[in-house]
Amino acid sequence: MMARRARLQSVIAMQAASAGNDPLEVRDVRAYPLREPGSGRRYTALKLTARSGMVGWGECGDITRREFDAAKQAVVGTPGSAYEIAFRKLAAMPAIRAGIDMAMLDMLGKAAKAPVYQVLGGPTRAKARALAPFEGRAALERAQAAGFRAFSIPVPAAPFRNQGKSYMNRIVNLAAMMRNAAAPGTDFVLDGRAALTPGDAQSVAAELESMHFLWFDEPSPSLNTGALKKITAETVMPLGLGRSLADAAGFQDLLGSDAVDILRPNLALHGISHCRRIAAIAEVYYVAVAPYHDGGPIATAAALHLAASIPNFFIQQIPQPDAESDREMRKAIAGADVETVRDGFAALPTGPGLGIAVDERALERYKEAA
């Protein structure tokens, strides 16, 4: 017994002695707040630097200086492979934890000389189906020419609650216009933006169910599961929910209520790791996952790795800004390939880590313009 205890103490001492020499230990964190000049879309690029000099890139939404300082203090000194530990440390800071998670996985993939999805046990597929948000008819035509075959249509802004027939007609006419302008075989998602009352959402779902949308996204606030379940019970329109939920318990409640057909965890809130945990819960309920993403190109790369690492992935939203200046900015930051779509699908990155080469000079340039 004494000999066994001595051996254990020796191992623990060796581990403690080598802990400070981990080449992937995070030594510095840097943030680049960015704003697209046309759309005004905001996101923050995060750069983690390890003791060895290796760099990992991630992305999150807007963060305050206090959030950044607190996250940096929590992460510096943590091994780059300990992305789960870092995620738990930052549980109270969802605005930045997703970006740290992506950056640590990027670093780990580079150290392993493998794409992130291979580090996570994938790939589960060879390519990822892509969805483009609708930003006008001209944008629809451009995105179709760029290879997209699925689009998200936002419902018109409602002037007041409990709309009548005229509002329903506006939505029907918009959907019909999109159908007529799109190529044959194009699919659509109706985006309710959580702006409708349950009654209006139910009327819209009944009015449009014959148009066979992929799903009705966030028709009304997700917490009202009883009203949402009423929509699914009375129409065949699938519902997509979850892009505003910040914790796994909320997704568990949605799935348990049988009110959701497509789960939509927000990549900017959950990062790759937490989205995968949410997808694992959804798989038990035979529910597909279509991660929500409205950020920058670094997060697009992370989204594709996520898509390749979960078996119940359905489709990935990829922002397609209307302004040329925004599209040029995204290409300058992470290259043109990461958001390239062909015949409705995006190719998986093949390089180590996130598989992108982030141009830090472009980040400095656009940081100054933000």
Side-chain angles (χ1 to χ4, degrees), residues 43-44 46 56-61 82-91 93-109 115-125 128-131 189 215 217-218 222 240-255 260-319 338 346 348-349 353-356:
Y43 40 89
T44 304
L46 295 176
W57 290 98
E59 182 189 300
C60 61
Y83 55 91
E84 291 285 0
I85 293 174
F87 199 90
R88 289 196 295 272
K89 283 184 178 180
L90 301 173
M93 292 178 276
I96 194 170
R97 67 179 181 180
I100 297 292
D101 179 71
M102 296 176 201
M104 295 183 84
L105 282 167
D106 183 34
M107 189 183 295
L108 182 59
V116 167
Y117 56 75
Q118 286 190 350
V119 173
L120 297 175
T124 61
R125 65 202 69 249
R129 194 178 181 193
L131 170 72
V189 170
W215 74 84
D217 201 42
E218 298 287 341
S222 299
L241 302 167
R243 70 194 203 191
S244 62
L245 296 180
D247 62 89
F251 290 96
Q252 180 71 65
D253 290 343
L254 274 180
L255 291 163
V260 60
D261 301 285
I262 307 293
L263 213 59
R264 305 217 64 205
N266 190 331
L267 188 66
L269 289 176
H270 302 289
I272 296 173
S273 299
H274 206 200
C275 281
R276 292 182 75 241
R277 286 196 288 273
I278 293 165
I281 298 171
E283 190 177 8
V284 176
Y285 291 86
Y286 304 100
V287 170
V289 176
Y292 178 75
H293 162 43
D294 190 38
I298 298 174
T300 298
L304 295 177
H305 286 274
L306 171 62
S309 68
I310 56 177
N312 52 337
F313 169 79
F314 182 27
I315 196 168
Q316 179 58 57
Q317 180 172 321
I318 298 177
V338 68
L348 303 182
L354 292 180
I356 55 173

Gly271 backbone acceptor or donor facing Arg276 side chain under 3.5 Å:
no

Search all heavy atoms of Val260 against all heavy atoms of Ile262 and return the closest pair with its distance.
CG2-O, 3.2 Å

Just jot down the ring pair (Phe, Tyr, Trp, His ring centres under 6.0 Å) partners of Tyr292, sequence neighbours excluded, or say none.
none

Applying ring pair (Phe, Tyr, Trp, His ring centres under 6.0 Å) to Tyr117 and not counting sequence neighbours gives His305

Contacts of Leu269 meeting side chain to side chain contact (heavy atoms under 4.5 Å, CB included) (sequence neighbours excluded), chain-then-number -> Pro94, Asn266

With salt bridge (charged side-chain N to carboxylate O under 4.0 Å, His left out) as the rule and sequence neighbours excluded, what pairs involving residues 307-317 come up?
none

Minimum heavy-atom distance Cys60-Gly99, with the two atoms named:
CB-N, 4.0 Å

Would a distance-only check, ignoring hydrogens and angles, find a side-chain to backbone donor-acceptor pair under 3.5 Å from Gln317 to Ala130?
no

Full working for side-chain contact (heavy atoms from CB on, under 4.5 Å) between Ile272 and Leu120
CA-CA 10 Å; Ile272 296 173; Leu120 297 175; 3.7 Å; yes

Those residues that, when tested against Asp217, pass salt bridge (Lys or Arg N to Asp or Glu O under 4.0 Å) (two or more places apart)
Arg243, Arg264

Hey, does Leu254 have a side-chain heavy atom less than 4.5 Å from the side chain of Leu245?
yes

Below 4.5 Å, heavy atoms only, C-beta onward: do Val287 and Asn312 meet side chain to side chain?
no

Please report, to 0.1 Å, the donor-acceptor pairs under 3.5 Å made by any side chain of residues 295-302, with sequence neighbours excluded.
| from | atom 1 | to | atom 2 | distance (Å) |
| --- | --- | --- | --- | --- |
| Thr300 | OG1 | His293 | NE2 | 2.8 |
| Thr300 | OG1 | Gly296 | O | 3.3 |
| Thr300 | OG1 | Glu339 | OE2 | 2.6 |

Just do the side-chain contact (heavy atoms from CB on, under 4.5 Å) check on His270 and Ile278 with the steps written out, would you?
CA-CA 9 Å; His270 302 289; Ile278 293 165; 3.9 Å; yes

Across all chains, not counting sequence neighbours, the salt bridge (Lys or Arg N to Asp or Glu O under 4.0 Å) partners of Arg129 are Asp187

Output for pair (Leu105 CG, Ser273 OG), nearest 0.5 Å, gives 4.5 Å

Can you pull the salt bridge (charged side-chain N to carboxylate O under 4.0 Å, His left out) pairs that have at least one residue in residues 277-291, sequence neighbours excluded?
Glu84-Arg277

Over all heavy atoms of both residues, which pair between Tyr83 and Leu108 is shortest? Give the atoms and the distance, please.
CE2-CD2, 3.8 Å

State, with a plain yes or no, whether a side-chain heavy atom of Lys89 is found less than 4.5 Å away from one of Ile85.
yes

Between the CG atom in Asp101 and the CG atom in Leu90, the distance rounded to the nearest 0.5 Å is 9.5 Å

Arg97: side-chain hydrogen bond (donor to acceptor under 3.5 Å, both in side chains) partners, not counting sequence neighbours
none

Identify, with sequence neighbours excluded, every residue that meets side chain to side chain contact (heavy atoms under 4.5 Å, CB included) alongside Pro291.
Val289, Leu306, Phe313, Gln316

I need the Met102 CE to Leu267 CG distance, nearest 0.5 Å.
4.0 Å

To the nearest 0.5 Å, how far apart are CG in Leu131 and CD1 in Ile318?
9.0 Å

My understanding is that only one of Ser309, Pro115, Pro123, Pro349 makes a side chain to side chain contact (heavy atoms under 4.5 Å, CB included) with Leu304; could you say which?
Pro349

What are the two closest non-hydrogen atoms of Ala128 and Ala307, and how far apart are they?
CB-CB, 4.0 Å

Kindly indicate whether the side chain of Ile100, heavy atoms from C-beta on, has any atom under 4.5 Å from the side chain of Leu46.
yes

Validation row: Phe251, Ile281 side chains within 4.5 angstrom (heavy atoms):
no

Non-neighbouring partners of Trp215 that pass ring pair (Phe, Tyr, Trp, His ring centres under 6.0 Å), sequence neighbours left out:
Phe314

